[in-house]
Amino acid sequence: MNTRTIRYALVGTGMMGHEHIRNLALLRSLGEVDAQVVAIIDPNRAMRSSALKLAQDLGNERVRAHAHHGALKAGDCDAIVLISPNHTHRGLLEALLPLGTAILAEKPLCTTVADCETLLPLIEAHAAPFWVAMEYRYMPPTTRFLERLRCGDVGRLRMLSIREHRYPFLEKVDHWNRFSALTGGTLIEKCCHHFDLMRLITGSEPVRVFASGSQDVNHLDELHDGGVPDILDNALVIVDFSSGVRCALELCMFSEGADPQEQLTAIGDRAKLDAFIPGPDRFWPHAGERNGEILLSPRSQSAPEREVVCVDERLAAAGDHHGSTYFQHQRFARAVLDGTPVEVTAADGAAAVRMGSAAQESIRTGLPVTLPG
């Protein structure tokens, strides 16, 4: 095998599974690494067949499809991408970790804090790279926002807010994403991204979480296998960090027309910095006209400084995350081939689940939740 080749097995082939296949093909076509999909595993025949055809159409000549992860043996691949429904992560990881293969596991790590804590020692003993897929870190406007913060543009960070006004949860196989028992709940399933960003940006740990939220608009008239969806569609969350930085999250999932979809705002003792991130291109009729933006507003009241952040059209077309899945795969491949550090560890993934769980507990009780130091 060529030392710059990585053979991938994909476990789970739904919407995100297809996005990963397209981005691995880009990784190969753009000369980053010879990324070869050799195995596709999914119990759902329709999804498995669709993913197999896509992989073959994109030049993966050796790919084979299987209904069960048990078909995957040690040495069959160099990396596993876990993209299955949230509630299957713990069981699948317990089965896959003994293969000793590098793993890129889609968020959330697990649906409960207890399951994360069960897995953490197993992952710590895993010699190969283990990376939790947090695509929001790698969206170009977010990446530029992080760079500007690290350059000291805002001075000493004191406040951070993240606002996401977006479309409802999409249709998925067997409607698993309609139920908190299968997703972990909206503040774990969706907002683990936001809590991960909070920890990354502040460089510190949360100490207190207070939240309010409800299911007010979406999925109220749906019935799936006798069950009524119970996932939140809006929430406000305040998080105090050990560094003294105060963070806020505003989520609304019945706001399809919002542009931008996401806004990051950091305020320090010198300036305010905003990142404006549009929604997925495929939902907009004039998507090519929409770019991310960074806006720096100094306290001096001089004219704000605006910076446009463009995304390569090939990367934007490969998924719903502005090329972030591609950039994530770039970094993961370097960890596999060159031993560069994993950027999103299992501990990071578990911390995001812990914050989401605390936020949901706060909504349930109406009280703030103190997190262990």
Side-chain angles (χ1 to χ4, degrees), residues 107-108 132 134-166 186-188 190-213 234-252 255 258 260-278 292-299 304-307 309 322 324 343-344 347-349 351-360 362-363 368-371 373:
K107 61 78 194 167
V132 180
M134 291 287 189
E135 285 86 7
Y136 277 37
R137 285 193 183 203
Y138 301 106
M139 291 191 289
T142 303
T143 300
R144 185 59 181 144
F145 180 82
L146 292 168
E147 291 171 351
R148 297 288 296 265
L149 284 179
R150 289 165 185 155
C151 289
D153 280 358
V154 306
R156 185 178 177 224
L157 179 65
R158 304 317 303 151
M159 300 179 72
L160 173 70
S161 66
I162 301 176
R163 184 179 72 185
E164 182 160 9
H165 290 178
R166 56 162 282 160
T186 300
L187 297 184
I188 289 177
K190 176 93 253 333
C191 300
C192 62
H193 282 302
H194 306 119
F195 298 133
D196 176 65
L197 284 175
M198 287 181 183
R199 291 183 63 248
L200 179 66
I201 292 168
T202 65
S204 61
E205 296 299 330
V207 296
R208 189 179 303 104
V209 178
F210 183 52
S212 174
N234 69 99
L236 298 170
V237 184
I238 297 172
V239 185
D240 292 332
F241 278 79
S242 58
S243 62
V245 178
R246 293 178 178 85
C247 297
L249 167 66
E250 178 182 332
L251 175 73
C252 178
S255 189
Q261 177 176 298
E262 186 172 2
Q263 179 176 342
L264 310 177
T265 300
I267 306 175
D269 55 8
R270 288 174 48 192
K272 173 186 175 184
L273 186 70
D274 292 290
F276 303 103
I277 306 170
E293 288 187 320
I294 303 293
L295 184 67
L296 179 69
S297 304
R299 291 183 67 190
E305 174 189 323
R306 188 177 298 273
E307 177 184 357
V309 182
H322 304 289
S324 63
E343 295 180 12
V344 193
D348 292 324
V353 171
R354 194 173 296 113
M355 292 175 70
S357 178
Q360 291 179 167
S362 178
I363 291 171
V369 174
T370 300
L371 295 173

Heavy-atom side-chain contact between [X] and [Y] under 4.5 Å:
{"X": "C191", "Y": "V237", "value": "no"}
{"X": "I267", "Y": "V154", "value": "no"}
{"X": "Y138", "Y": "T142", "value": "no"}
{"X": "P260", "Y": "E293", "value": "no"}
{"X": "V245", "Y": "S204", "value": "no"}
{"X": "I238", "Y": "R246", "value": "no"}

Could you report the tightest heavy-atom contact between [X] and [Y], atom names first, then the distance?
{"X": "R270", "Y": "G155", "result": "CD-CA, 3.6 Å"}
{"X": "M139", "Y": "S324", "result": "N-CB, 3.4 Å"}
{"X": "F195", "Y": "V239", "result": "CE2-CG2, 4.4 Å"}
{"X": "R137", "Y": "D196", "result": "NE-OD2, 2.7 Å"}
{"X": "S297", "Y": "P304", "result": "OG-CB, 4.1 Å"}
{"X": "A271", "Y": "P298", "result": "CB-CA, 3.7 Å"}

Looking at [atom1] of [X] and [atom2] of [Y], how far apart are the two atoms once the value is rounded to the nearest 0.5 Å?
{"X": "R163", "Y": "I277", "atom1": "CZ", "atom2": "CD1", "result": "11.5 Å"}
{"X": "R148", "Y": "D274", "atom1": "CZ", "atom2": "CG", "result": "11.0 Å"}
{"X": "L197", "Y": "I162", "atom1": "CG", "atom2": "CD1", "result": "5.0 Å"}
{"X": "Q360", "Y": "I188", "atom1": "CD", "atom2": "CD1", "result": "5.0 Å"}
{"X": "I363", "Y": "F210", "atom1": "CD1", "atom2": "CZ", "result": "10.0 Å"}
{"X": "H193", "Y": "E164", "atom1": "NE2", "atom2": "CD", "result": "8.5 Å"}

Inset, instruction - List for me each residue that meets salt bridge (charged side-chain N to carboxylate O under 4.0 Å, His left out) alongside R199, sequence neighbours excluded, and say none if there are none. - result: E205, D348
Between the side chain of [X] and the main-chain N/O of [Y], is any donor-acceptor distance below 3.5 Å?
{"X": "S357", "Y": "V353", "result": "no"}
{"X": "R144", "Y": "A275", "result": "no"}
{"X": "H322", "Y": "P278", "result": "yes"}
{"X": "D269", "Y": "R156", "result": "yes"}

Inset, instruction - State whether a side-chain donor-acceptor pair under 3.5 Å links Q261 with R166. - result: no
Inset, instruction - For V309 and F145, run side chain to side chain contact (heavy atoms under 4.5 Å, CB included): C-alpha distance rounded to whole Å, both residues' side-chain angles, the deciding distance at 0.1 Å, then the answer. - result: CA-CA 10 Å; V309 182; F145 180 82; over 6 Å; no
Inset, instruction - Apply side chain to side chain contact (heavy atoms under 4.5 Å, CB included) to C192 and M134, showing your working. - result: CA-CA 8 Å; C192 62; M134 291 287 189; 4.3 Å; yes
Inset, instruction - Might you confirm whether atom CZ of R158 has over 12 heavy atoms from other residues, nucleotides or ligands at distances under 6.0 Å? - result: yes
Legend entry - Stepwise side-chain hydrogen bond (donor to acceptor under 3.5 Å, both in side chains) test for E250 and H165: CA-CA 8 Å; E250 178 182 332; H165 290 178; 2.7 Å; yes
Legend entry - side chain to side chain contact (heavy atoms under 4.5 Å, CB included) between M198 and L249, intermediate numbers included: CA-CA 9 Å; M198 287 181 183; L249 167 66; 3.9 Å; yes
Inset, instruction - Give the ring-plane orientation class for H194 versus Y136, where under 30° counts as parallel, over 60° as perpendicular and anything between as tilted. - result: perpendicular
